[in-house]
Amino acid sequence: MAVLPKYKSQVASFVIFAPLKKFDMKEVRVRFAPSPTGPLHIGGVRTALYNYLFARKHNGKFLLRIEDTDQTRFVPGAEDYIIESFKWCGIEYDEGVGIGGPHAPYRQSERKDLYKAYAEQLINEGHAYYAFDTPEELDQMRERLKAKGVATTQYDAFTRMEMVNSLTLSQEETNIRLNSGDPYVIRILIPENEEITINDLIRGEVNVHTSRLDDKVLFKSDGMPTYHLANIVDDHLMEISHVIRGEEWLPSAPLHVLLYRYLGWEPPQFAHLPLLLKPDGNGKLSKRDGDRLGFPVFPLKWTDPQNGEISSGYRESGYLPDAFVNMLALLGWNPGTEQEIFSLGELVQAFSIERVGKSGSKFDPEKAKWFNHHYLSQLPDATVAELLSDILTEKGLAVEMNFLTKVAGLVKDRAVLIPDLWDQSHFFFIAPETYDEKIVQKFWKPEIPPILKQVSGSIIGIDDFSTEKIDHSLKAFIQENGLGMGQVMNTLRLVLVGGSFGPGVAAIISVLGKEETQSRIERALKTLGS
RNA sequence: GGUCCGUUCGUCUAACGGUUAGGACGCCAGGUUUUCAUCCUGGUAAUAGGGGUUCGAUUCCCCUACGGACUACCA
């Protein structure tokens, strides 16, 4: 902090220090706090991404905390899945599960012992109470209210005095129940007749009247806190400055504000992100939509440990992580410029929470493909060759990198997803054994075999076996002999690749080499007749 | 049902009272090309409806409609 020179007046010091105040603010610390109940879907990845971008943009910290307070919903592998998804996307976190940090542990089940004291503090200060109602009794209460035509069947000011809790029981009775080991929960005591205001970074001011809130359970009978308590306690202890989370949390935000107040803590800033919607129709994007519409909903492939059900992932489908992240970032946020290709670093620079939209975004699989095609075609040939090499290895083929790099340069523009690379290039590695029937019908005329033999002969004479030289030579040959361009080129293509696809004929010949080209011509003459 | 949030081309979105309502994806057409793609050029297409406020509303306010989220001892 700069020392204020003595000669500056009071007024001047105010002017100078007012803007500096911003730098004085506490460090930006955000968290992504998933519950390990299954694979993280792309909506979750986007929430994590926005948290990450926000943290980096403000030189803050991004933490990963696992909210596993519901033991019944724990799914093995889910936590690793989240970490691996982050790695694939390039989202790095500074503290959290797997890497530790100053506020470890970062798994709520391992922090179990610390929550109860806060719940008890709330009780002691009259902001919470013990409740002994059984699930059956709760159901009955709701049924009773419904029968009476009451709209909100909640455990609230309207009903709490009819239930079994430390508000309706005497101190003695309560103690007896507590001491005898009766199961109980701890509920917040929502105040009556008060307007709670949340200042949301995305939505502005949101007001909710406490009469609409219910006495949510903070501490469960199994000894674990609920999300509501645990998230407030941990966010405070971990010094979280901004809570950036999905819109589905907006309705419970007033409750959280109340908890901060009762615990005597300063609440963080809130930002509730709009949801990702299904591409067709309406509603939140779900796992089923992917199966139904044929696109991945998850970053990585996931096999359900319970029933073995497989969900496809972007990685396995052949998307590049950069393309995936770029596409996701623009779904609900925009930079205010017309730029739409962003590296992760550029996203960090450009990101601002104010430019996140308010309304839900329908996910568009076509746009995702467009991004991937763009990224793939921008990749250096050598990098594409590596991708190709992995595919070949899987297929039991080994091809030298030099050759692969040439092939990569020719086919990368033609592929949308990584597997397309193979579809566009297989003939470079395996000579065609069959020929497209339609193309044969169309071009394999009696005059063709002698022409091909001549072409084969003329190729021998080319010294510099470059695409340009081959192209010239071929064109010259066609002209000299008064042949049709399409006639010769298409047949040659048929012979070399087995059909009507692929890069330019001259380029293919150049990469294939003299011998292979001639051998393929001979082979076709044998198969299709000379 | 109740509470809260939202609503610009088919989709993602820009325009923070004055624009021929802009861009991108998709789609269509044309061009390049030996095939198929790519690529290039052009085109199609939107302020949910109704009231206000204002000289002027996509923009501010209200109502309606529609959509969504939430409404567990789940997160």
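Numbers restart at 1 for each chain; the letters A, B, ... are given by sequence-line order, proteins then strands. The structure presented is a predicted model; accordingly, all values stated were derived computationally and were not measured. Values reported hereafter were calculated over all heavy atoms of this structure, with side chains retained and with hydrogens, waters and symmetry mates removed.
Rounded to the nearest Å, the gap between the P atom of B:rU32 and that of B:rA24 is 23 Å. Of the C1' atoms belonging to B:rU64 and B:rU7, the separation is 13 Å, rounded to the nearest Å. B:rA48 and B:rG43 are spaced 26 Å apart, taking the C1' atom of each and rounding to whole Å. For B:rA45 and B:rU20, the C1' atoms lie 16 Å apart once the distance is rounded to whole Å. Rounded to a whole angstrom, the distance from the C1' atom of B:rG10 to that of B:rU44 is 12 Å. B:rU58 and B:rG22: their C1' atoms are spaced 13 Å apart (whole Å).
Contacts of A:G357 with the nucleic acid, taken as non-hydrogen atoms under 4.0 Å apart, are absent. A:S221 comes within 4.0 angstrom of a base, heavy atoms only. A:V217 comes within 4.0 angstrom of the backbone, heavy atoms only, and of no base. Within 4.0 Å of A:D133, counting heavy atoms only, lies at least one base atom of the nucleic acid. Among the atoms of the strands shown, none is found under 4.0 Å from any heavy atom of A:R245. Contact annotation for A:S500: base contact, defined as any heavy-atom pair under 4.0 Å involving a base atom. Among the protein residues, A:V488 comes within range of no part of the nucleic acid, since none of its heavy atoms lies under 4.0 Å from any strand. Among the protein residues, A:T337 comes within range of no part of the nucleic acid, since none of its heavy atoms lies under 4.0 Å from any strand. Residue contacts for A:P503: at a heavy-atom cut-off of 4.0 Å it reaches a base atom on one of the strands shown. As judged by a 4.0 angstrom heavy-atom cut-off over every strand, A:H272 is placed among residues making no nucleic acid contact. A:G283 comes within 4.0 angstrom of sugar-phosphate atoms only, judged by non-hydrogen atoms across all strands, and of no base. Using a 4.0 Å heavy-atom criterion, one finds that A:R203 contacts the sugar-phosphate atoms exclusively.
A sub-4.0 Å separation between OP1 or OP2 of B:rU34 and a side-chain N or O of A:N490 is absent. An OP1 or OP2 oxygen of B:rC74 is reached within less than 4.0 angstrom by no side-chain nitrogen or oxygen of A:T72. For A:K412, no side-chain nitrogen or oxygen approaches OP1 or OP2 of B:rA37 to under 4.0 Å. Of the side-chain N and O atoms in A:K220, one or more sit less than 4.0 angstrom from OP1 or OP2 of B:rA75. A:R212 has no side-chain polar atom (N or O) that falls below the 4.0 Å cut-off from OP1 or OP2 of B:rC4. At the phosphate of B:rC70, OP1 or OP2 sits under 4.0 Å from a side-chain N or O atom of A:K284.
Closest approach to the A:R355 side chain among B:rU35, B:rC4, B:rA14 is made by B:rA14 (side chain taken as heavy atoms from C-beta onward). With distances taken from any side-chain atom of A:A151 to the nucleotides B:rC5, B:rG1, B:rC73, the minimum falls on B:rG1. The side chain of A:Q154 sits closest to B:rU71 out of B:rU71, B:rC25, B:rC4. Distance from the side chain of A:T69 is smallest to B:rA75 among B:rA72, B:rA75, B:rU34. Considering only the side chain of A:T226, B:rC74 comes nearest among B:rU71, B:rC74, B:rC5. Side-chain proximity of A:L275 to the nucleotides B:rG26, B:rG68, B:rC5 is greatest for B:rG68. Closest to the side chain of A:N334, from the set B:rC25, B:rA75, B:rA14, is B:rA14. When each of B:rC70, B:rC73, B:rG68 is scored by its nearest atom to the side-chain atoms of A:P251, the top-ranked nucleotide is B:rC70. With distances taken from any side-chain atom of A:D70 to the nucleotides B:rU35, B:rA75, B:rG2, the minimum falls on B:rA75. Residue A:R493 places its side chain closer to B:rU35 than to any other of B:rC70, B:rC73, B:rU35.
Rounding to the nearest 0.5 Å places OH of A:Y314 at 14.0 Å from CG of A:L320.
Between A:R31 and A:D234 no salt bridge is recorded (no basic side-chain N to carboxylate O distance below 4.0 Å). In summary, A:K284 and A:E248 do not engage in a salt bridge, as defined by a charged side-chain N under 4.0 Å from a carboxylate O. A:R177 and A:D182 are joined by a salt bridge, as a carboxylate oxygen and a charged side-chain nitrogen come within less than 4.0 angstrom of each other.
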Tabulate protein N/O versus nucleotide N/O from nucleotides 19-23 of chain B, keeping only pairs under 3.5 Å, one per line.
residue	atom	partner	partner atom	Å
B:rG22	O2'	A:E338	OE2	3.3
B:rG23	O4'	A:E338	OE2	3.1

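Across all strands shown, B:rA29 forms a Watson-Crick or G-U wobble pair, both distances under 3.5 Å, with B:rU41. Look at B:rA46: it lacks any Watson-Crick or wobble partner with both distances under 3.5 angstrom. Across all strands shown, B:rU20 forms no Watson-Crick or G-U wobble pair with both key distances under 3.5 Å. Shown here, B:rG2 forms a base pair with B:rC70; the pair counts as Watson-Crick or G-U wobble because both key distances fall under 3.5 Å.
With sequence neighbours excluded, no residue satisfies ring-ring contact (aromatic ring centres under 6.0 Å, His included) with A:F132.
With a 6.0 Å radius and a threshold of 12 heavy atoms from other residues, nucleotides or ligands, A:K362 has its NZ atom above the threshold.
Applying the ring-ring contact (aromatic ring centres under 6.0 Å, His included) test between A:Y184 and each of A:Y129, A:F219, A:Y130 identifies A:Y130 as the sole match.
Defined by atom type and a distance below 3.5 Å, a donor-acceptor pair is missing between the side-chain atoms of A:D413 and A:H373.
Looking only at side-chain heavy atoms (C-beta outward), A:L53 and A:W333 stay at 4.5 Å or farther from each other.
Ring to ring, A:F295 and A:F363 are close: their centroids are under 6.0 angstrom apart.
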